[in-house]
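First comes the structure, then the notes that go with it.
This one's a predicted model, so the numbers in the text were calculated from it and none came from an experiment.
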Amino acid sequence: MTVLDVFSWLPAKEISIEELEQIFIKHLNGTYEGEYKVLLEIPDNADKNILSSSAELIGERKAVAYILKDGNVIAVVGYKE
């Protein structure tokens, strides 16, 4: 599995792209224990920016995952298996 894209809605001071990648990878490996949640399906509360980012990644034939904090999407990850 390779992470190809990460769209983040949080400032880099709060969490870096590299940290978001690690959260996603650890989640897939079953080793992540933390405050963030990773979903492989689009969340019910996704706004138009999330939907647009997802559509762009899917259009590029990438799988999509969502990283949430406190129930809100903070990042969209595009990856290939």
Side-chain angles (χ1 to χ4, degrees):
M1 190 274 317
T2 305
V3 173
L4 301 169
D5 299 287
V6 177
F7 298 116
S8 175
W9 282 268
L10 290 181
K13 291 179 193 177
E14 191 168 333
I15 189 164
S16 70
I17 298 296
E18 292 79 19
E19 289 173 301
L20 290 166
E21 285 182 32
Q22 288 303 309
I23 290 167
F24 172 68
I25 291 167
K26 287 181 180 181
H27 170 79
L28 286 186
N29 293 334
T31 60
Y32 179 70
E33 295 179 16
E35 66 180 304
Y36 299 97
K37 183 177 180 180
V38 178
L39 297 178
L40 300 179
E41 63 278 340
I42 195 155
D44 293 334
N45 65 343
D47 66 20
K48 66 180 181 179
N49 291 324
I50 305 302
L51 297 173
S52 174
S53 300
S54 299
E56 181 180 330
L57 294 169
I58 291 167
E60 295 172 359
R61 299 180 189 231
K62 298 173 185 168
V64 180
Y66 307 88
I67 300 177
L68 289 77
K69 179 179 180 185
D70 299 326
N72 297 309
V73 177
I74 61 156
V76 176
V77 179
Y79 67 101
K80 289 208 177 193
E81 298 204 37

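With a 4.5 Å cut-off on side-chain heavy atoms, Y36 and I15 count as touching. Taking 4.5 Å as the limit, every side-chain heavy atom of F24 sits out of range of all side-chain heavy atoms of L20. Under the 4.5 Å side-chain criterion, counting only non-hydrogen atoms from C-beta, M1 is in contact with I25. With contacts defined as side-chain heavy-atom distances shorter than 4.5 Å, the pair V76/W9 qualifies.
V38 and I17 fall within the same hydrophobic cluster, defined by Ile, Leu, Val, Met, Phe, Trp and Tyr side-chain heavy atoms under 4.5 Å apart, directly or through other members. A single hydrophobic cluster is not seen to contain both Y32 and L68; linkage of ILVMFWY side chains at heavy-atom distances under 4.5 Å, directly or through other members, places them apart. No single ILVMFWY cluster, assembled from side-chain heavy atoms under 4.5 Å apart, contains both I50 and I67. A single hydrophobic cluster is seen to contain both F7 and V73, as judged by linkage of ILVMFWY side chains at heavy-atom distances under 4.5 Å, directly or through other members. Both L28 and I74 are members of a single hydrophobic cluster when ILVMFWY side chains are connected at heavy-atom separations under 4.5 Å.
Atom OG1 of T31 sits about 9.0 Å away from atom CD of Q22, to the nearest 0.5 Å. For the atom pair CD1 (I42) and CD1 (I58), the distance works out to 7.0 Å, reported to the nearest 0.5 Å. Put simply, CD on E21 and OG on S8 are 11.0 Å apart, with the number rounded to the nearest 0.5 Å.
When all heavy atoms are compared, the tightest approach of L57 to V77 is CD1-C, 4.1 Å.
Evaluation of the side chain to side chain donor-acceptor pair (under 3.5 Å) test over residues 41-53, restricted to residues two or more places apart or in two chains, returns none. Residues in residues 54-79 take part in these side chain to side chain donor-acceptor pair (under 3.5 Å) pairs, two or more places apart or across chains: D5-K62, E14-K69, S54-Y66, E60-K62.
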